[in-house]
Amino acid sequence: MPSEVSMGKLHWLTRRMSAPPTCVHFDRDTVRMMQMSNRSKPSLHMALEVSRHDEIGMKEALNSFKGKDCIISIPSSDVFVQHIRVYNSEDEIEIKSKLIQQSPEWEHCEIRHICVAITCVGTGDAPKQELLCIGVKGQVAQGYVEELEAKGARVLSVTVPLHASLRVFDKLYRRDGDEKITSMLIDLDEQDSFIIVAHGSNCVFARQLSLNSKINKSTCRAPAYIEESKKLEAEFERRKEQVPRGLYEMMPSNTLIGGPLEKQLRSCLQHHDALFPQRAVDRIIFSGPAAGDTDTCAAIASNLGVSGYIADPSAWIDGAEACVIDPSWTTAAGMCLNFSREAV
């Protein structure tokens with residue numbers, strides 16, 4: 001009997017001493033790797049950035065971390081996001097059929113979905129669920145797993161940037177009482193960007209963005225719809241709160257955004273406002289590699305008439321001030337914070 005108790009205690013100590021997994025975030029051209037130290041407070045053990053095309057560099061980087069366990073976040077370009085409306089009686093086969101009608105690419109995807117709202121089209125009509133669907137092709141996810149395992153890693157799980165970014169927001173930037181705050185998170189990349197709207201920590205809207213259009217950098221008077229947004233203050237309660245650590249507010253900008261980008265952003269707001277007419281977006285948080293272009297971020301926030309902030313995950317992670325202050329590390333930090341505690 002004593003030996004069994006002793007073995008149980010030894011097993012517990014071994015688990016507590018095991019290293020958290022290395023979190024590997026794939027972008028289009030860059031791989032970011034991050035690992036937390038096994039402490040009660042978030043502390044950085046190591047963070048490295050290598051080119052997607054540097055096979056030797058990736059292997060050497062992986063071998064620099066403690067242990068072989070890894071969590072993967074695949075690029076946004078390999079993730080499918082779609083909102084659809086279905087009756088409560090419709091099953092998984094009917095849901096997938098509707099997604100395939102939107103794009104044939106959904107046919108080969110592993111699909112997860114959540115109900116974000118219940119809507120009624122007209123009087124007497126049965127209510128419909130508004131589903132947020134996220135899909136990843138199984139062969140694509142397996143390709144990333146095999147790529148890392150060929151370099152000696154042991155992959156525990158695969159996630160998507162949308163999930164990881166929301167987790168870092170929930171753990172770092174959301175505080176008690178923030179359930180009343182509606183936040184728009186925009187993860188900016190040169191080509192593969194996405195937008196999330198969250199009520200507190202609950203994701204209620206997501207969409208991929210195309211940012212191929214260039215922002216007009218000429219300075220001009222503020223557009224009319226910034227003035228129009230002030231009218232919303234009479235209809236929606238704007239909640240004034242102390243800015244959380246790690247969010248840096250930007251000065252308003254008079255730079256216009258136009259063309260496809262403006263239409264996409266306004267379409268996202270209109271979709272959200274139609275679903276939740278009593279929940280105005282209170283703030284926009286920018287992350288991702290292109291969020292370092294603060295002029296672009298300020299222009300987007302000002303054109304939408306909402307306060308804008310740049311995310312800095314290092315503000316809450318000990319030892320990260322020197323190497324992960326860039327908002328491009330937000331997804332990797334979210335992965336670490338979400339999975340490191342599950343490893344102990």
Side-chain angles (χ1 to χ4, degrees), residues 10-76 78 136 140-168 171-172 187 189 246 287-289 311-344:
L10 178 61
H11 175 67
W12 180 83
L13 288 173
T14 303
R15 285 178 58 81
R16 293 294 301 176
M17 294 170 61
S18 62
T22 301
C23 295
V24 183
H25 173 46
F26 286 89
D27 274 338
R28 180 179 292 270
D29 299 314
T30 306
V31 181
R32 295 179 180 85
M33 306 178 187
M34 181 184 288
Q35 186 179 44
M36 297 290 194
S37 297
N38 198 353
R39 301 176 185 174
S40 58
K41 185 177 180 181
S43 302
L44 181 69
H45 167 62
M46 184 179 294
L48 296 173
E49 184 177 83
V50 296
S51 170
R52 279 288 306 274
H53 312 292
D54 186 355
E55 296 290 328
I56 297 176
M58 284 183 61
K59 185 173 183 178
E60 292 178 347
L62 285 169
N63 290 334
S64 301
F65 292 90
K66 294 181 179 179
K68 296 182 178 295
D69 292 345
C70 291
I71 307 294
I72 295 177
S73 173
I74 67 176
S76 299
D78 291 322
V136 177
V140 172
Q142 185 61 31
Y144 289 103
V145 171
E146 292 175 356
E147 181 178 351
L148 285 193
E149 290 186 341
K151 297 175 175 60
R154 181 169 51 244
V155 178
L156 303 180
S157 180
V158 178
T159 187
V160 296
L162 183 151
H163 179 264
S165 294
L166 191 61
R167 293 283 70 78
V168 74
K171 289 179 179 290
L172 298 189
D187 188 271
D189 203 341
S287 64
D312 174 17
S314 70
W316 285 86
I317 302 173
D318 285 352
E321 301 84 357
C323 55
V324 297
I325 57 173
D326 192 294
S328 62
W329 286 94
T330 303
T331 299
M335 295 166 64
C336 283
L337 291 167
N338 192 49
F339 290 102
S340 61
R341 291 184 181 274
E342 295 179 7
V344 299

### Atom pair CD (Glu49) and CE (Met33), whose distance is rounded to the nearest 0.5 Å
10.5 Å
### Query
Between Lys68 and Gly152, what is the shortest heavy-atom contact and its length?
CD-O, 3.5 Å
### Query
Of Leu62, Val155, Ile74, which meets side-chain contact (heavy atoms from CB on, under 4.5 Å) against Val24?
Leu62
#### Entry: Nearest-0.5 Å distance, SG of residue Cys70 to CD of residue Glu149
9.0 Å
#### Entry: Note, Pro289 side chain near Thr30 side chain (heavy atom, < 4.5 Å)
no
### Summary
Output for pair (Ile56 CD1, Ser51 OG), nearest 0.5 Å, gives 12.0 Å
### Task
Please examine the side chains of Met34 and Met335, heavy atoms only from C-beta on, and report whether any two atoms are closer than 4.5 Å.
no
### Query
What pair of heavy atoms forms the shortest contact from Thr331 to Pro161, and how long is it?
CG2-CA, 4.0 Å
### Query
What heavy-atom pair brings Pro21 and Leu156 nearest, and what distance separates the two atoms?
CB-CD1, 4.3 Å
### Interatomic spacing from NE2 in His45 to OG1 in Thr22 - rounded to 0.5 Å
7.5 Å
### Query
If every non-hydrogen atom of Pro20 is compared with every non-hydrogen atom of Met36, which pair is closest and at what distance?
CG-O, 3.5 Å
### Query
Can you name the closest pair of heavy atoms from Met46 and Phe65 and give their distance?
O-CE2, 3.5 Å
### Query
Donor-acceptor pair, Arg52 side chain versus Asp27 backbone, under 3.5 Å?
yes
### Task
Check each of Ser287, Ser328, Ser76 against Asp187 using the side chain to side chain donor-acceptor pair (under 3.5 Å) test, and report the only one that passes.
Ser287
### Within-4.5 Å side-chain heavy-atom neighbours: Tyr144 and Asp78
yes
### Task
Starting at OG1 of Thr330, measure out to CG of Asp312 and round the result to the nearest 0.5 Å.
8.0 Å
### Query
Can you name the nearest heavy-atom pair linking Ile317 to Ser43, along with the distance?
CG2-C, 4.0 Å
### Atom pair CG/CD of Leu48 and Glu60 - distance to nearest 0.5 Å
10.5 Å
